[in-house]
Protein chains: 4
Amino acid sequence: MSDSYTPTPEDRFSFGLWTVGWQGVDVFGGPVRDPLDPIESVHRLAELGAAAVTFHDDDLVPDDTERQTTLDKFTKALSDTGLHVEMATTNLFGHAAFKDGALTANDRDVRRYALSKLLRNLDLAAELGAGTYVLWGGREGAESGASKDVAAALDRYRESMNLLCEYVVEQGYDIRFAIEPKPNEPRGDILLPTIGHALAFIGELDRPELVGLNPEVGHEEMAGLNYAHGITQALWHDKLFHIDLNGQHGPRYDQDLRFGAGNLRGAFWTVDAIEGAGSGKAYDGYVHFDFKPPRTEDMDGVWESARACMRNYLILRSRVRAFRADPEVQEALTASRVDQLAVPTLAAGESLAALREEKHDIDAMAARGMGFERLDQLAMEHLLGAR
Amino acid sequence: MSDSYTPTPEDRFSFGLWTVGWQGVDVFGGPVRDPLDPIESVHRLAELGAAAVTFHDDDLVPDDTERQTTLDKFTKALSDTGLHVEMATTNLFGHAAFKDGALTANDRDVRRYALSKLLRNLDLAAELGAGTYVLWGGREGAESGASKDVAAALDRYRESMNLLCEYVVEQGYDIRFAIEPKPNEPRGDILLPTIGHALAFIGELDRPELVGLNPEVGHEEMAGLNYAHGITQALWHDKLFHIDLNGQHGPRYDQDLRFGAGNLRGAFWTVDAIEGAGSGKAYDGYVHFDFKPPRTEDMDGVWESARACMRNYLILRSRVRAFRADPEVQEALTASRVDQLAVPTLAAGESLAALREEKHDIDAMAARGMGFERLDQLAMEHLLGAR
Amino acid sequence: MSDSYTPTPEDRFSFGLWTVGWQGVDVFGGPVRDPLDPIESVHRLAELGAAAVTFHDDDLVPDDTERQTTLDKFTKALSDTGLHVEMATTNLFGHAAFKDGALTANDRDVRRYALSKLLRNLDLAAELGAGTYVLWGGREGAESGASKDVAAALDRYRESMNLLCEYVVEQGYDIRFAIEPKPNEPRGDILLPTIGHALAFIGELDRPELVGLNPEVGHEEMAGLNYAHGITQALWHDKLFHIDLNGQHGPRYDQDLRFGAGNLRGAFWTVDAIEGAGSGKAYDGYVHFDFKPPRTEDMDGVWESARACMRNYLILRSRVRAFRADPEVQEALTASRVDQLAVPTLAAGESLAALREEKHDIDAMAARGMGFERLDQLAMEHLLGAR
Amino acid sequence: MSDSYTPTPEDRFSFGLWTVGWQGVDVFGGPVRDPLDPIESVHRLAELGAAAVTFHDDDLVPDDTERQTTLDKFTKALSDTGLHVEMATTNLFGHAAFKDGALTANDRDVRRYALSKLLRNLDLAAELGAGTYVLWGGREGAESGASKDVAAALDRYRESMNLLCEYVVEQGYDIRFAIEPKPNEPRGDILLPTIGHALAFIGELDRPELVGLNPEVGHEEMAGLNYAHGITQALWHDKLFHIDLNGQHGPRYDQDLRFGAGNLRGAFWTVDAIEGAGSGKAYDGYVHFDFKPPRTEDMDGVWESARACMRNYLILRSRVRAFRADPEVQEALTASRVDQLAVPTLAAGESLAALREEKHDIDAMAARGMGFERLDQLAMEHLLGAR
């Protein structure tokens, strides 16, 4: 069925090879699906309408002896399908060597190995044309207080980011880095736990212009934070280099549901934020899904869940556009004085001294309703397809 | 009873007048205690060993007609007791006029009123000698998506902070600002929800050197974040201008328990971080408590809870110092290679190209235990007074 | 605008007087709206299409001297509008006397006062024809461990429930009780914190048939629990005597958003559960909303939010019915073997001994996909009005 | 070092073989430790002072061909060390066949296989002398609404429990069942998510006297619930058949920290509840630890964490006993009227009619402080070893 919710490459949808390739291993059980050949993933995702794929080094070339053969097959598949590699990343969390982290592991040799693995994979990323390089520091953290000297860990994190930036500049790679924050799991407390902490950290780097964020829906929602607010702040700082869309039910384990599942109203506002529907900037990168098809699914279910991520995005985008275009919504936005927020509080030329003495009718302010329930109900009905 | 856990002014403990003065009004019930005269609070807190008090404008001088009389009595009480005013703040959340926020309210006149209120109270803060001015934007946020244009709101927040900094510079006040983040409550989602988001925001201001943070234990823990990690990152950015200590049981309503209640192990590591026991900087400001004596208490219970905040801090400080001084702990820290994290990953003069090619024995890395459980158990036993 | 989502009395919607009457007092600020005359509420709710109202004693007759006049006016308004009183309840949480609880307060005189207040209000409930009497024990709990002897508190809770049941039987009232669980807020930990705990407690009463539940969406979701699962279990025990619908964003303060806001996918499955769309029983009582119009709203916003609660229910009900009637859904349910769950695992006459020895092809079981993603995506598209 | 916190068999500590044997596989990484021979576990745990072990069938006898040899070695190790098998359980969650659950899987053949596996393992449990049989239904649940007919699932759960009870009665086994609730992870929402839900479910069984609970600290705290309150309610229903002690930091992924880590104040009150220090019953079973030594640890760290679970319990028990024996505490309990809660609210012979008319001095009640902060601070200081 091809309808207005059927994706095309112009929609710039992208998937990690590790998403459809997840075999279902968790803390309580073993694999439920066979390994998936990345070549098949490329073909299937292309058929479904995706525009790009992304990968960890270990997803694609785990076995060095067959590295070139694998890469040749992979680039041929890309060429056959027209898919791009838009982002690459390095697995610095799976191997037991990374049990205490990678770039901030206490053991210096582990940190050196992690950097070395990164450098090698940056070359591959550049070779395959990835413009964004994601760093998810899932094991950079601690379960207990004394085990991690957090100030020293931030020093080492900064050192590593500075070195990586230096490397891509030296090599002349057209690559920017995107840090992916997460509050916890698999470590008790992860460093740079939210969009905010990572944004602040970037401000301390030697080349902050090369480093931005890759926020994931579920990771922010695990901390009870509003993802649309978070990416809007990242855009406000010009730091939304990439996104990871998926679904989550608030503070609990990382569910990695398909996009739309979990917090659906949040997904609507996420699409609204990506589109830059308010006064903020729009996100202009690939729409990347980082989810895990549930263990209950066989491969048909895997492809169905990938298809549904894109389809839900397109349905929501259509709902968001209808909402923003609706004259009654525009009237309601004005009635809620949303536009007044773009007006500077102090006019040009006004003095603070005068403002200090200004008289205010605070009872009138207090009595004035904001009309937010009406506005939000309009959004709800657009979301539900009921207008 | 005076023992080693009895506070003295040298401990620099500080309390908000609104803490002991909280009358117990919540969403579900009315006041349980009578209004408390700030003069009495000053005297009682001094007797208990505090060094300073802090206040919102409305806590101290709600009624303009008696303003000067109130201030005269207050400064006399300070003088009589030797207490300082170390911090002041403005109530921009209680009045119905602030129902949609203050500095980021949609209504421009509300924003102007808020700024005007702030300017007037900055003069009072300067007059009373407060070195820190806290801004808690509890109503700066939204319950629904379209009602708040987040990018515009951040613009207005920045505009206001720039104006406030300009004002203190113009007036020659020796005052620094400290933003207090909170993820939610009383708004559905509050702007600048965590330490990280506020740190990043400060980087966009005209005078970032004048603005830092006032993180509160409970506010970070409501997002499931590690408070000791958070303030260590704030110190790493040289931005821990003030602290609010209290207790909380994770993601739920803001409990504002006395310090030590809630997450006790977290409180131990919080004191460790304040003391700068790792490689990071120590916090050098007042130790400020922002809690609410439970509604179950009469005034005796209020003073008991204030006393216990300080006493718990002193007990924990003694436990932290014993932990850090214990030779077995020092040996365990070394066994866990905590010290290795202070060593740069790349040595001076080393090239990335060489590191890229370095061979690593990752099986050896994987096999090596970190010894963190032993280290953490030593901390546990110090905390419990069992060593 | 009258459309298929415009409520009529046949929809049996009901509202607490305290919902539209909430003045907006919270821990951080005072009232934003004037007191609302219950008579006006009755008329406005009738115009909006509601069928019934509910009340706490204090909502309706706070002032004893005008009690009869108030009641006369109220019953006239009911008679004029055709609205019913379907449920009543007692405020055992607002007054400072209840600061440590009511039926489980440590102070015996407080418990006696609470019981006495309840008995008087049961008479009023009976007089006004309420068939359900709700007990929300919001202050029955503790902030600290030793302060509440939980076993003794459960004894007292049981004693009270037994006495209340005895009273309605003695008086011949046609009233059943419904306990409303909540995990925390305003107490640190509330007794009978979830649907499950209250169900278990009821099993220990003298007349369990007279006592059931009134679960609230937000209260269960504050504990991260699935509300649709919860009320389905309550129906399974024949104990869903009443419901409180509203909206919430997971573990945080009690948001009391209008129905549909918060967890919208959860609301869809909630309506599905209420309708008894699976093999379980349907709920056959009033559809009661217990929400708080946000403080940002004036009275127009209050009525808009009440209107939207009902409208969202009707939209969701229409979506649920379309989902269940869709032949592709029915096919997908079968493909997911949802119907097999109604078949007993052991057939009539089969022996456990034989089952013990049965051989199973567990590899075949493991290989079989469940098809849940496809099924859930069908639900998603019905919810979004995209089918 | 042997001190008063060194365990002996009289303390009745017990460990799951799967705890010290956990190899560290999680969603994001592979094993960090080699498989551990159960025989070694028995010897090491005995040396550390444990009294018993517990196991899943698959922990002990995964390979049927060596089953008898394995069992012989195991029983010899038990006999050599004096350790008991106090509890057994069946792994119904690890294999891919159980991806949609076991006793409530949609697929009938999966349910039959699960029952068959249970029956066979019950024989082994009986053979090894286990008095308690735990059922943790970790995969009994759903990620999406329509995929699980919850009422039918509860029917099947009940059917299975009835069959299992029938089997142990038929076989004459001296075994009671203990259901272990959990709210989520590895399923999105698990059936019987809390202590309360499981207690209520048990009330619907044919032989409720044979079925009780095995509540785990972390599982209840993942829902933000108070574990000490939960097990006290279970004791109140005479249903605390077993316990699983560990540590957790509130709503997030299942951390399975060693006992004492995580919520330490909660652990203090947990021990207080186990000891029956209030008016409630004491727990009289084995003190069982169900934790996971963090992935950062090698085998030395594993044994250290096991040792520390017991040691923390003993330290806390000593603190609890000192707290309860302290005359100042007893005076404070009385001052807080904790003892009044054991007094019936209605005296023998009193009528409800008289109570209804009784006059109450509610202002006096409101004015009276509860003294809870003082009482809780006494507990805090005992916990910290500061009294």
Side-chain angles (χ1 to χ4, degrees), chain A residues 96-97 100 106-108 110-113 115-116 119-120 144-147 149-154 156 159 167 183 189 193-194 196-197 199-200 203 223-226 229 232 236 251 269 278-280 336-338 340-345 352 355-356 358 360 362 365-366 370 372 375-376 379, chain B residues 96-97 100 106-108 110-113 115-116 119-120 144-147 149-154 156 159 167 183 189 193-194 196-197 199-200 203 223-226 229 232 236 251 269 278-280 336-338 340-345 352 355-356 358 360 362 365-366 370 372 375-376 379:
Chain A
D100 180 43
N106 283 359
D107 286 337
R108 184 167 177 259
V110 173
R111 301 198 299 271
R112 290 176 68 88
Y113 167 54
L115 264 181
S116 163
L119 296 176
R120 288 195 305 274
S144 53
S147 64
D149 181 331
V150 171
L154 292 171
R156 293 291 75 70
E159 180 196 9
Y167 187 74
D189 293 292
T194 74
H197 295 77
L199 285 171
L225 299 176
N226 183 312
H229 283 205
T232 301
W236 189 74
W269 296 113
S279 76
S336 292
R337 289 90 74 190
V338 173
Q340 276 194 33
L341 199 51
V343 181
T345 303
L352 284 169
L355 179 61
R356 188 192 183 288
E358 194 173 71
H360 301 90
I362 61 174
M365 296 173 192
M370 300 306 301
F372 291 165
L375 179 59
D376 191 50
Chain B
D100 179 43
N106 282 0
D107 287 336
R108 185 168 177 258
V110 172
R111 300 198 300 271
R112 291 177 68 88
Y113 167 54
L115 265 182
S116 162
L119 296 176
R120 287 195 306 274
S144 55
S147 64
D149 181 332
V150 170
L154 292 171
R156 293 291 76 72
E159 180 196 7
Y167 187 75
D189 294 292
T194 75
H197 294 77
L199 285 170
L225 300 175
N226 183 312
H229 282 205
T232 302
W236 189 75
W269 296 114
S279 77
S336 293
R337 290 90 74 192
V338 173
Q340 275 194 33
L341 198 52
V343 180
T345 303
L352 284 169
L355 179 61
R356 187 190 182 290
E358 195 174 70
H360 300 91
I362 60 175
M365 297 174 192
M370 300 306 302
F372 292 165
L375 179 58
D376 190 50

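Remember, it's a predicted structure, so these values are computed and weren't measured experimentally. Throughout, a chain's letter reflects where its sequence line sits, starting with A, and its residues are numbered from 1. Side chains are part of it too, since the values below use all heavy atoms of this structure and drop only hydrogens, waters and symmetry mates.
Ranked by heavy-atom pairs under 4.5 Å with chain A, the first of B:L375, B:T232, B:L352 is B:L352. Counting heavy-atom pairs closer than 4.5 Å to chain B, the top-ranked of the candidates A:L154, A:L119, A:V343 is A:L154. Chosen from A:T345, A:V338, A:I362, A:D189, the residue pairing most often with chain B at heavy-atom distances under 4.5 Å is A:T345. Interface remark: of the candidates B:E358, B:R111, B:H229, B:R111 forms the most heavy-atom pairs closer than 4.5 Å to chain A. With chain A as partner, the option from B:P193, B:A153, B:A96, B:A146 having the largest number of non-hydrogen pairs under 4.5 angstrom is B:A146. Taking chain B as the reference chain and counting heavy-atom pairs below 4.5 Å, the highest number among A:R156, A:Q340, A:R337 is found for A:R156. Options B:A97, B:A200, B:A151 differ in how many heavy-atom pairs under 4.5 Å they form with chain A, and the most are formed by B:A200. The most heavy-atom pairs under 4.5 Å with chain B, out of A:S144, A:G145, A:G278, come from A:G145. Note on B:L355, B:L115, B:L199, B:V150: by heavy-atom pairs under 4.5 Å with chain A, the leading option is B:L355. Options B:A223, B:G280, B:A366, B:A379 differ in how many heavy-atom pairs under 4.5 Å they form with chain A, and the most are formed by B:A366.
Of the atoms belonging to B:R112, heavy atoms from both backbone and side chain fall under 4.5 Å from chain A. Contacts of B:D107 with chain A are made by both backbone and side-chain atoms, with heavy-atom separations under 4.5 Å. With a 4.5 angstrom heavy-atom cutoff, B:H360 touches chain A only via side-chain atoms. With a 4.5 Å cut-off on non-hydrogen atoms, A:R120 touches chain B through its backbone and its side chain both.
Of the inter-residue distances, the one linking A:T194 atom OG1 with B:H197 atom NE2 reads 4.5 Å to the nearest 0.5 angstrom.
Closest approach of B:D100 to A:M370, counting heavy atoms only: OD2-CE, 3.5 Å.
Side-chain atoms of B:R356 do not come within 3.5 Å of backbone N or O of A:S116 as any donor-acceptor pair. Under the 3.5 Å distance criterion, the side-chain polar atoms of B:D376 are left unmatched by any main-chain donor or acceptor of A:S147. The backbone N or O of A:S279 lies less than 3.5 Å from a partner atom in the side chain of B:D149, making a donor-acceptor pair. For the pair A:E159 (side chain) and B:P344 (backbone), a donor-acceptor distance under 3.5 Å is absent.
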